[in-house]
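Just so it is clear, the values below take in all heavy atoms, side chains as well, and ignore hydrogens, waters and symmetry mates. Proteins come first, then strands; the chains are lettered A, B, ... in the order of their sequence lines, and each starts at number 1.
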Amino acid sequence: MPTSPSERPAPYDLAVIGAGPAGLAAAVTAAELGLRCVLLDAGPRPGGQYYRHPAPGLGAAHPERLHHGWSAFTGLTGRLAASTVTHLTEHHVWTAEQGDTWRLHATVGAGSTGSAVVEAKAVLLATGAYERQLPFPGWTLPGVVTAGGAQAMLKAGLVLPGRRIVVAGSGPLLLAAASSLVSAGAGVPAVVEAGNYLGYARGLGTLAANPAKLVEGAGHGARLLRGKVRLRRSSAVVEAHGTDRVTGVTVARLDAEWRPVPGTERRIDCDALAVGHGLLPQIELATELGAETVLTADRTVALKVDDGLRTSLPGLWAAGETCGVGGADLAIAEGELAARVIAGAPVPTALRRRRDRRRAFAGLMAAAHRPGPGWTDWLRPDTDVCRCEEVSVAAVREAVEELGATDSRTVKLLTRAGMGWCQGRMCGPAVACLSGSSELRPDSRPLSCPVPLAQLADGS
Amino acid sequence: MRRTPAELVGARPEPGHTIDFDGRPIPALPGQTIAAALWAEGILAWRTTRVNGRPRGAFCGIGACYDCLATVNGQASQRTCLLPAEPGTTVTTQEGHGRADLAV
């Protein structure tokens, strides 16, 4: 509903977008320092993806059993309840407008049926990340789900995609996902990790400075041992089998460049596969406005920030995964740090050190799980790259090799890859790789989610 | 004996209800999404694709991939991983774009 200027409420001092670890920490810190703060989040409950938890109606007495660091979350939600923060749930911000004050446009409700405009003097982007996918034959079969998706459905809905679930891809999320699935009663015949974990050995000093991370890893490892889960390093699922749902996978050894080694294939029966290759920062609200970016060690694009977590745009801060994926502890530290800077409060040395140590660990982790260029060898001409528009490897290669495309955008225009509902979130990294573009740029997404036309027309 | 996710977290849900999936009653618990209720029944696909007619269901589980679209209460292309399975919800397997009624 349009509002005349005289009726318009005073802008908030700070709008925080995203109520995950970074956004929660930022909002409560800012409010405790006296700022009028609004927290907008797409979800129905605070926590983001990491602290996703069952709805009250499911009556979970022990949600912490599906979580690491649950007490940090309950600490934050306790502070949120006691604070002056205005928490707007099911508000998905689809664009941010710069002016004298920021204007954030959001769809409202799980079905995006409502709309809202929120004004604030400063904005903190804490929109987290989503999973990176690399396609392989059979990856569109029902029963093939993302590792984070299996986690999300389990944490919030208390459900599993199958009874015998292979976990595959690369990155620390795989161990966490496998550990949760085993705890919840699933059989996990194998965790298939494309990296070799030797990358961590190059950063012994960083590891020693982050003992909590070692304890966390050891906890997952112990649960996996008890669940008789086999970790296959330097290996990948190179095909998922089945006609209408997955019935098994083929796993092959990889060389150092992630090229499948012929003759090493073996089949594992399963009724589900949870797969992912690390996380991608969700930053389009900022990059659409021209915010500067950096390339992380695992070749993802993150927002460039200074010591005070300021982006290159005046009045826009970022914290957590949007500055490069590094996990919940880092996100909480950065949320608090950014809020202190925005409020003009001093940053305690201990907080800055904690943040710097976790940031260093994030860099080590990213380098250890960086995808090798050889993964494209497991593709077949008829493998779909773009799930939405059903664009095959053959079509993308034709656009590159015969029609002269040299970047994702041209491939998209020629083939429709990346033009569907998900706006290239699932196929983006693969298309960029197949198009041979050496320079990684942020994906262009003028609207960060689908918006009903009536809301767009009303948005001015 | 294997335990279930509900046993792991000591869940004591409020009374359940049913939703309708292609004419079949599916049990659902308060607060579960449509996709979660379908997974709990072992149903993994509730859409066929526009080009090749291939089955699809939930993939990312967080509203980012749009693979879990279905026709919900007559409205096409709804994300079932986000929408709650409320009592009386009607879910229909979506064929293609789900707007065959608009065909000319």
Side-chain angles (χ1 to χ4, degrees), chain A residues 42-44 49 52-66 92 110-111 130-131 133 140-146 148-154 156-163 180 183-187 244-246 272 282 384 387-390 420-422 425-426 449-450, chain B residues 1-16 28-47 49-69 72-73 75 77-79 81-86 97:
Chain A
Q49 302 310 334
R52 199 178 250 267
H53 55 282
L58 286 167
H62 297 287
E64 76 280 2
R65 290 182 186 159
L66 280 168
H92 193 140
Y130 57 94
E131 240 171 325
Q133 296 300 330
T140 54
L141 279 171
V144 178
V145 302
T146 72
Q151 282 273 67
M153 295 281 285
L154 173 57
L158 305 179
V159 290
L160 298 166
R163 299 183 61 80
S180 309
S183 300
D244 286 337
R245 59 188 290 170
V246 63
Q282 182 151 278
D384 275 337
R387 300 172 67 91
C388 301
E389 297 294 313
E390 299 168 82
W421 275 97
C422 85
R425 286 186 174 90
M426 298 301 121
C449 65
Chain B
M1 205 181 75
R2 274 185 182 171
R3 72 165 144 195
T4 65
E7 286 163 7
L8 173 68
V9 299
R12 289 167 180 251
E14 291 164 15
L29 294 170
Q32 268 184 334
T33 60
I34 292 169
L38 293 170
W39 272 23
E41 280 294 284
I43 300 166
L44 295 178
W46 47 85
R47 175 170 82 91
T49 59
R50 283 173 296 150
V51 182
N52 297 318
R54 300 294 302 149
R56 296 277 177 88
F59 181 62
C60 82
I62 65 168
C65 78
Y66 296 81
D67 248 350
C68 70
L69 300 181
V72 178
N73 297 329
Q75 196 162 3
S77 302
Q78 300 298 301
R79 281 178 284 179
C81 78
L82 299 183
L83 284 179
E86 286 166 347
H97 49 55

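- Side-chain atoms of B:T49 come within 3.5 Å of backbone atoms of B:R54 as a donor-acceptor pair (strictly under, hydrogens ignored).
- Chosen from A:D244, A:L141, A:L154, the residue pairing most often with chain B at heavy-atom distances under 4.5 Å is A:D244.
- Considering only heavy-atom pairs separated by less than 4.5 Å from chain B, the leading option among A:C388, A:C422, A:A55 is A:C422.
- Judged purely by distance below 3.5 Å, without hydrogens or angles, the side chains of A:T146 and A:Q133 never pair a donor atom with an acceptor atom.
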Which donor-acceptor pairs under 3.5 Å do the side chains of residues 31-39 of chain B make with protein atoms, sequence neighbours left out?
from	atom 1	to	atom 2	distance (Å)
B:Q32	OE1	B:L29	N	3.1
B:Q32	NE2	A:G157	O	3.1
B:T33	OG1	B:A36	N	3.2

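- Heavy-atom minimum distance, A:L158 versus B:A6: CD1-CA, 4.3 Å.
- Ranked by heavy-atom pairs under 4.5 Å with chain A, the first of B:A45, B:A64, B:C60 is B:C60.
- With a threshold of 4.5 angstrom between heavy atoms, B:N52 approaches chain A through its backbone and through its side chain.
- Here A:E389 is the residue among A:E389, A:R425, A:Q151 with the most heavy-atom pairs under 4.5 Å with chain B.
- With a 4.5 angstrom heavy-atom cutoff, A:P44 does not touch chain B via any of its atoms.
- Proximity of a side-chain donor or acceptor of B:R79 to a complementary backbone N or O of B:G63 within less than 3.5 Å is detected.
- Shown here is B:E41, whose CD atom has more than 12 heavy atoms of other residues, nucleotides or ligands within 6.0 Å.
- Top candidate by heavy-atom pairs under 4.5 Å with chain A, chosen from B:G42, B:P5, B:A58, B:G61, is B:P5.
- In terms of non-hydrogen atom pairs under 4.5 Å with chain B, the most contact-rich of A:E64, A:R52, A:E131 is A:R52.
- In terms of heavy-atom pairs under 4.5 Å with chain B, the best-connected choice from A:G43, A:A110, A:A60 is A:A60.
- A donor-acceptor contact shorter than 3.5 Å is absent between the side chain of A:R245 and the backbone of A:G143.
- Options A:C449, A:G59, A:A42, A:A150 differ in how many heavy-atom pairs under 4.5 Å they form with chain B, and the most are formed by A:G59.
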